[in-house]
Amino acid sequence: MKLLEGKTAIITGGSRGIGKGIAQVFAQHGANVAFTYSSSSAAAEELATELTALGVKAKAYQSNAANFQAAQDLVAEILKDFNGKIDILINNAGITKDNLLMRISEEDFDTVIEVNLKSVFNMTKAVQRTMLKQRQGSIINMSSVVGVKGNAGQTNYAASKAGIIGFSKSVALELGSRNIRCNVVAPGFIETEMTAKLDEKVVEGWRAGIPLKRGGSPEDIANACVYLGSDLSTYVTGQVLNVDGGMLT
Ligand code: NAP
């Protein structure tokens, strides 16, 4: 039996990068996958077709994770499409708008907090009732090494990612008695479009500081999510799993 057979997962930001990797690996492990995107509709539809060919149910939804009502509407639609069941929520959607504190605008600070952090609140609140009724669920929130140790030029991003850790530990405490688990994955340097924007010199600096001497892949993060989403981790909640090649060691 596959590790996620019969489970239904929602993944935000599944059209590319880490979210796409999670969707692919989850489908390979037998999960039905509902995933969202912001604007990449062609890539999202292509991925939905690819996942469906693996024999699972898969559907792409355009939805702005930062919008509270959109998250409520999205979850209602997914419940209709996926037989009223949500076993796993992965809050993965995220953006960067980097700048030094001296130059960062209020708008860029607020946007990153809304897309990266408020989205986690929106989606968690939207699935809570269903998971409470089911008396089970696994919520996985995507933070970052930057949320643990900070990073110059990323005050907005680091604050959003640190906020995710506090939020997740609190959810774990609130919902643990109902068998709903909430954990955090903190990726290190993962090679996606988000990190492709970085200066090559900065990237070399990051790589040199990684004990395993390489950047990670979306699959490295997906495998950690399989563990946290599956019944292999039924006694694990409130944890931050660093998947970073040893960067924080
Ligand atoms: P990415 O390649 O830039 O992909 C971002 C994904 O999020 C896309 O699917 C995008 O959809 C979606 N998205 C953006 N804004 C959204 C919104 N408002 N509502 C719904 N979806 C939205 O990023 P990534 O590198 O895969 O990162 C994924 C997550 O891992 C993020 O939370 C990021 O902070 C975290 N992370 C990444 C790294 C890294 O090294 N890459 C390290 C640590 C943590 P569209 O395609 O439609 O734009």
Side-chain angles (χ1 to χ4, degrees), residues 10-25 33-48 60-71 73-75 78 89-98 108 110-123 126 140-151 154 156-165 167-168 184-198 202-203 205-207 209-210 214-222 224-225 240-245 247-248:
I10 301 180
I11 303 163
T12 65
S15 48
R16 55 198 167 87
I18 291 171
K20 178 179 179 182
I22 297 170
Q24 289 169 321
V25 172
V33 176
F35 67 92
T36 72
Y37 63 95
S38 173
S39 58
S40 308
S41 49
E45 289 310 328
E46 201 177 301
L47 178 63
Y61 300 81
Q62 182 169 32
S63 181
N64 178 7
N67 183 296
F68 183 81
Q69 191 54 48
D73 297 345
L74 168 74
V75 169
I78 291 173
L89 167 66
I90 304 184
N91 285 305
N92 164 79
I95 57 165
T96 51
K97 285 188 181 289
D98 298 350
D108 283 356
D110 288 348
T111 302
V112 167
I113 296 290
E114 277 171 25
V115 174
N116 294 6
L117 176 60
K118 173 123 185 294
S119 63
V120 177
F121 163 76
N122 294 342
M123 288 298 296
I140 303 165
N141 295 327
M142 207 58 69
S143 178
S144 165
V145 283
V146 167
V148 179
K149 75 180 194 68
N151 194 27
Q154 290 196 309
N156 52 357
Y157 184 77
S160 71
K161 294 300 181 181
I164 286 174
I165 296 173
F167 176 84
S168 304
V184 174
V185 172
F189 179 79
I190 310 301
E191 297 188 10
T192 67
E193 282 176 42
M194 182 178 273
T195 44
K197 286 189 268 180
L198 296 171
V202 174
V203 171
W206 280 82
R207 276 207 197 96
I210 301 170
R214 66 168 178 91
S217 66
E219 291 70 31
D220 289 322
I221 304 304
C225 293
V240 180
L241 179 52
N242 299 321
V243 185
D244 61 1
M247 209 184 239
L248 285 184

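Whatever order the structure lists ligands and atoms in, that order sets their numbers, starting from 1. The model shown is predicted, which means the values in this text are computed figures rather than measured ones.
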>> Side chain or backbone, does Val145 bring an N or O within less than 3.5 Å of an N or O on ligand 1?
In response: no
>> Using side-chain heavy atoms (C-beta onward) and a distance below 4.5 Å, is Tyr61 in contact with Phe35?
In response: no
>> If you take the nearest heavy atom of each of Gly94, Ser143, Gly17, which one is closest to atom 5 (C) of ligand 1?
In response: Gly94
>> Evaluate Asn92 against Thr12 for side chain to side chain donor-acceptor pair (under 3.5 Å), listing each step before the verdict.
In response: CA-CA 5 Å; Asn92 164 79; Thr12 65; 5.3 Å; no
> Considering only the protein, which heavy-atom contact is closest to atom 21 (N) of ligand 1, and what is its distance?
Replying inline: Ala93 CB, 3.6 Å
>> Give me the nearest non-hydrogen protein atom to atom 45 (P) of ligand 1 as residue plus atom name, then the distance to 0.1 Å.
In response: Ser40 OG, 3.3 Å
>> Using a 4.0 Å cut-off to any heavy atom of Asn64, which atoms of ligand 1 qualify?
In response: 17 (C), 18 (N), 19 (N)
>> Is there a polar contact, in the sense of an N or O pair closer than 3.5 Å, between Thr36 and ligand 1?
In response: no
>> So Ser143 and Val185, do their side chains get closer than 4.5 Å, heavy atoms only?
In response: no
>> Is there a polar contact between ligand 1 and Ser15, counting only N or O atoms under 3.5 Å apart?
In response: yes
> Looking at Ser39, which atoms of ligand 1 are within less than 4.0 Å of one of its heavy atoms?
Replying inline: 45 (P), 47 (O), 48 (O)
>> Below the 3.5 angstrom mark, is there an N/O of Ala65, backbone or side chain, next to an N/O of ligand 1?
In response: yes
>> Starting from atom 16 (C) of ligand 1, what is the nearest protein heavy atom, named by residue and atom, and what distance separates them?
In response: Ser38 CB, 3.7 Å
> Among all protein non-hydrogen atoms, which one is nearest to atom 26 (O) of ligand 1, and what is the separation to 0.1 Å?
Replying inline: Ile18 N, 2.7 Å
> Does any non-hydrogen side-chain atom of Ile140 lie less than 4.5 Å from one of Asn91?
Replying inline: no
>> If you apply the rule side-chain contact (heavy atoms from CB on, under 4.5 Å), what do you find for Thr195 with Ile190, and how did you get there?
In response: CA-CA 7 Å; Thr195 44; Ile190 310 301; 5.7 Å; no
> Given that the side chain starts at C-beta and the backbone is N, CA, C, O, which of these parts of Val146 lies under 4.0 Å from ligand 1, counting heavy atoms, or is it both or neither?
Replying inline: neither
> Which atoms of ligand 1 sit under 4.0 Å from any heavy atom of Gly13?
Replying inline: 6 (C), 7 (O), 9 (O), 12 (C)
>> Determine whether Asn122 and Gln69 satisfy the following criterion, side-chain contact (heavy atoms from CB on, under 4.5 Å), listing intermediate values before the conclusion.
In response: CA-CA 8 Å; Asn122 294 342; Gln69 191 54 48; over 6 Å; no
> Counting heavy atoms not belonging to Gln62, are there more than 12 under 6.0 Å from its CD?
Replying inline: yes
> Can you tell me if Thr195 has a non-hydrogen atom under 4.0 Å from ligand 1?
Replying inline: yes
> Can you tell if the side chain of Asp244 reaches within under 4.5 Å of the side chain of Phe189, non-hydrogen atoms only?
Replying inline: no
> Quick one: which ligand 1 atoms are inside 4.0 Å of a heavy atom on Val115?
Replying inline: 15 (N), 18 (N)
>> At less than 4.0 angstrom from any non-hydrogen atom of Tyr157, what atoms of ligand 1 do you find?
In response: 33 (C), 34 (O), 35 (C), 36 (N), 43 (C), 44 (C)
>> Less than 4.5 Å apart, side chain to side chain, heavy atoms only: is that true for Ile164 and Leu117?
In response: yes
> Between Arg16, Met142, Lys161, which one has a non-hydrogen atom sitting closest to atom 30 (O) of ligand 1?
Replying inline: Met142
> Is a side-chain donor or acceptor of Thr192 paired with a backbone partner of Met194 at a separation under 3.5 angstrom?
Replying inline: yes
>> Determine whether Met123 and Ile10 satisfy the following criterion, side-chain contact (heavy atoms from CB on, under 4.5 Å), listing intermediate values before the conclusion.
In response: CA-CA 10 Å; Met123 288 298 296; Ile10 301 180; 4.0 Å; yes
> Of all the non-hydrogen atoms in the protein, which one sits nearest to atom 24 (P) of ligand 1, and at what distance?
Replying inline: Thr192 OG1, 3.6 Å
> Going by the order shown, which atoms of ligand 1 are within less than 4.0 Å of some heavy atom of Ile95?
Replying inline: 14 (C), 15 (N)
> Nearest to atom 40 (O) of ligand 1, what protein heavy atom do you find, and at what distance?
Replying inline: Ile190 N, 2.8 Å
>> A side-chain contact here means heavy atoms from C-beta on lying under 4.5 Å apart; do Cys225 and Met142 qualify?
In response: yes
> Would you say Lys118 and Phe68 make side-chain contact, with heavy atoms under 4.5 Å?
Replying inline: yes
> Hey, mind stepping through Arg214 and Asp220 against side-chain contact (heavy atoms from CB on, under 4.5 Å) and telling me if it holds?
Replying inline: CA-CA 12 Å; Arg214 66 168 178 91; Asp220 289 322; 3.1 Å; yes
> Would one find an N or O of Asn92, backbone or side chain, under 3.5 Å from an N or O of ligand 1?
Replying inline: yes
>> So, regarding Ser144 and ligand 1 (criterion: nitrogen or oxygen to nitrogen or oxygen, under 3.5 Å), is there a contact or not?
In response: no
>> I'd like to know whether ligand 1 has Gly188 as a neighbour, heavy-atom separation below 4.0 Å.
In response: yes
> Of all the heavy atoms in Ser63, does at least one lie under 4.0 Å from an atom in ligand 1?
Replying inline: yes
